Each structure stands twice: as C-alpha cells, then as structure tokens.
Amino acid sequence: MMKPDPTLEEMPGYLIRRLGQISTALFLEETQGLDLTPPQFGMLLLIVENPGRDQTWLGCRSALDRTTVTGVLDRLEGRDLIRREVDPGNRRARLLYPSAAGEALLTQAQRPVAQAHEKLLEPLPPAERTVFLSLLLRLVNANNSQSRAPLRHP
C-alpha cells in the first residue's frame, strides 16, 4: 500500500519512466556500434519473425502509433535492413520483409540485447526477477486499453 503523500521518487509512474530510461541506456550501451534503437530492434525482430505482414499489423503488435512505426520503418529501409512491397491484394498496404543485412544485424544484436536485459535485472535475485516480470506483465495487460497505442493481436 502506498503512503498517502508519496514523494515524486516513490510514485509508480515516475519509477516506471526512470526504469525505461535506464533500460534504454543499457540497451544503447550494450549495442554500441550497431546503430540500433530499442524500437528499431523490436520492429526488426517482429519483421524477421513474421515476414510479409503489413505496417498496420506491425503497429498493432509493437504497440506504437502509425507515425512512429512509419518513421522507424523509414530508417530501417534507409539502411537496407528491410524492404516494403505493395500488397497485391490491397495497393495501399505495404508488406514488410527483412533483408539479409537486417537478419544479420538482428542476429548480431541478440546477445548484446540479452546482456542489457540481464544488467537491468541483475540487482534482483533470480526468483524476484520472475516475480517482477510477472507483475510487470500483469500491469501492462490489465492497463493495455488505457494506452494511446494499445497492443493488439490482429
């Protein structure tokens, strides 16, 4: 139970934002030299695992708004990490495919990303890591509809 008047540093939203900042810093530190951001990594991972899906599907699965998705995809495409093809069944839709360079970068990034996650959770004993991640997942799932870009499974 939270005390009636928590300080800023005790408020859940503040702590979650700070943890997000720290997570991003660890990601960038571990993936240094790969020129990759967390959203780029996430989208590249989804594209490699699900080639031929469209940008709308990617936005739903990444829980990012259309503008952010488009910007990230523009950067990935500009680096020849993905390619977009017109969907023959819907000329307005773009299907997404990883390039060989995109697949290679994802493979190269896997270990550093895992190390960043390990560093983030390192202060917790293994049993508490499992509980912490379970509680985070429960909070995210329970509050998903409150997001400006909720995670959807189309």
Side-chain angles (χ1 to χ4, degrees), residues 12-124 126 129-154:
Y14 173 84
L15 292 169
I16 292 165
R17 182 182 62 77
R18 286 288 297 133
L19 191 58
Q21 289 174 322
I22 293 163
S23 177
T24 297
L26 290 170
F27 178 97
L28 294 174
E29 177 183 308
E30 290 298 319
T31 61
Q32 193 171 27
L34 298 181
D35 191 25
L36 197 62
T37 65
Q40 290 170 353
F41 173 80
M43 286 195 198
L44 188 56
L45 178 63
L46 285 169
I47 293 167
V48 167
E49 291 177 345
N50 303 277
R53 296 294 195 138
D54 66 22
Q55 289 182 213
T56 300
W57 178 89
L58 186 64
C60 291
R61 291 291 291 129
S62 62
L64 293 170
D65 63 86
R66 183 185 309 260
T67 302
T68 302
V69 169
T70 300
V72 171
L73 292 176
D74 287 347
R75 286 184 283 287
L76 292 174
E77 187 177 40
R79 294 177 58 197
D80 294 321
L81 299 174
I82 64 161
R83 71 179 193 282
R84 296 183 217 182
E85 296 181 6
V86 175
D87 182 347
N90 177 0
R91 305 285 301 158
R92 293 181 303 157
R94 300 291 177 265
L95 304 179
L96 305 165
Y97 297 92
S99 67
E103 289 182 1
L105 179 61
L106 184 66
T107 298
Q108 189 179 2
Q110 294 283 356
R111 183 157 174 74
V113 169
Q115 289 171 323
H117 294 159
E118 180 64 29
K119 281 185 175 181
L120 182 67
L121 298 173
E122 194 171 35
L124 300 175
R129 293 174 194 183
T130 302
V131 170
F132 174 71
L133 292 172
S134 174
L135 292 172
L136 274 178
L137 185 59
R138 188 184 322 167
L139 286 171
V140 167
N141 288 339
N143 292 292
N144 184 54
S145 64
Q146 302 303 313
S147 173
R148 288 178 153 185
L151 176 67
R152 296 188 312 251
H153 298 277

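Computed from a predicted structure; not experimentally measured.
The shortest side-chain heavy-atom distance between Thr31 and Pro38 does not fall under the 4.5 Å cut-off. Residues Trp57 and Asn50 form a side-chain contact, since some pair of their non-hydrogen atoms from C-beta on lies under 4.5 Å apart. Residues Asn90 and Asp54 are not in side-chain contact: their nearest non-hydrogen atoms beyond the backbone lie 4.5 Å or more apart. Counting heavy atoms from C-beta on, the side chains of Leu105 and Phe41 never come closer than 4.5 Å.
Looking at residues two or more places apart in sequence or on another chain, you find a side-chain contact (heavy atoms from CB on, under 4.5 Å) between Gln21 and Arg17, Arg18. The side-chain contact (heavy atoms from CB on, under 4.5 Å) check on Glu49 picks up Leu45, with sequence neighbours excluded. Residues satisfying the side-chain contact (heavy atoms from CB on, under 4.5 Å) test with Leu137, not counting sequence neighbours, are Asn141. Legend: residues meeting side-chain hydrogen bond (donor to acceptor under 3.5 Å, both in side chains) with Asp74, ordered by chain and number and at least two apart, are Arg84. Among residues two or more places apart in sequence or in another chain, the side-chain hydrogen bond (donor to acceptor under 3.5 Å, both in side chains) test is passed with Thr130 by none. Checked against side-chain hydrogen bond (donor to acceptor under 3.5 Å, both in side chains), Asp80 has no partners two or more places apart in sequence or in another chain. Legend: residues meeting side-chain contact (heavy atoms from CB on, under 4.5 Å) with Ser99, ordered by chain and number and at least two apart, are Ala101.
The closest donor-acceptor contact from the side chain of Arg79 to the backbone of Arg75 lies at 3.5 Å or more, if one exists at all. Side chain of Thr70 to backbone of Arg66: a donor-acceptor contact under 3.5 angstrom is found.
Annotation: the span from Leu76 atom CG to Leu36 atom CG amounts to 7.5 Å, rounded to 0.5 Å. Here the CG-CD1 distance, from Leu58 to Ile47, works out to 5.0 Å after rounding to the nearest 0.5 Å. The CZ atom of Phe27 sits 13.0 Å away from the CG atom of Leu120 when rounded to the nearest 0.5 Å. Expressed to the nearest 0.5 Å, how far CG of Asp35 lies from CG of Leu81 amounts to 9.0 Å. If you take CG on Leu46 and CE on Met43, they are separated by 8.5 Å, rounding to the nearest 0.5 Å.
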Tabulate below the donor-acceptor pairs under 3.5 Å that side-chain atoms of residues 145-154 make, not counting sequence neighbours, or state none.
{"residue": "Ser147", "atom": "OG", "partner": "Ala149", "partner atom": "N", "Å": "3.0"}
{"residue": "Ser147", "atom": "OG", "partner": "Ala149", "partner atom": "O", "Å": "3.2"}
{"residue": "His153", "atom": "ND1", "partner": "Arg61", "partner atom": "NH1", "Å": "3.0"}

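Exactly one residue among Leu28, Thr24, Ile22 makes a side-chain contact (heavy atoms from CB on, under 4.5 Å) with Leu26. That residue is Ile22.
Under the salt bridge (Lys or Arg N to Asp or Glu O under 4.0 Å) criterion, the residue pairs touching residues 94-121 are Glu29-Lys119, Glu30-Lys119, Glu118-Arg129, with sequence neighbours excluded.
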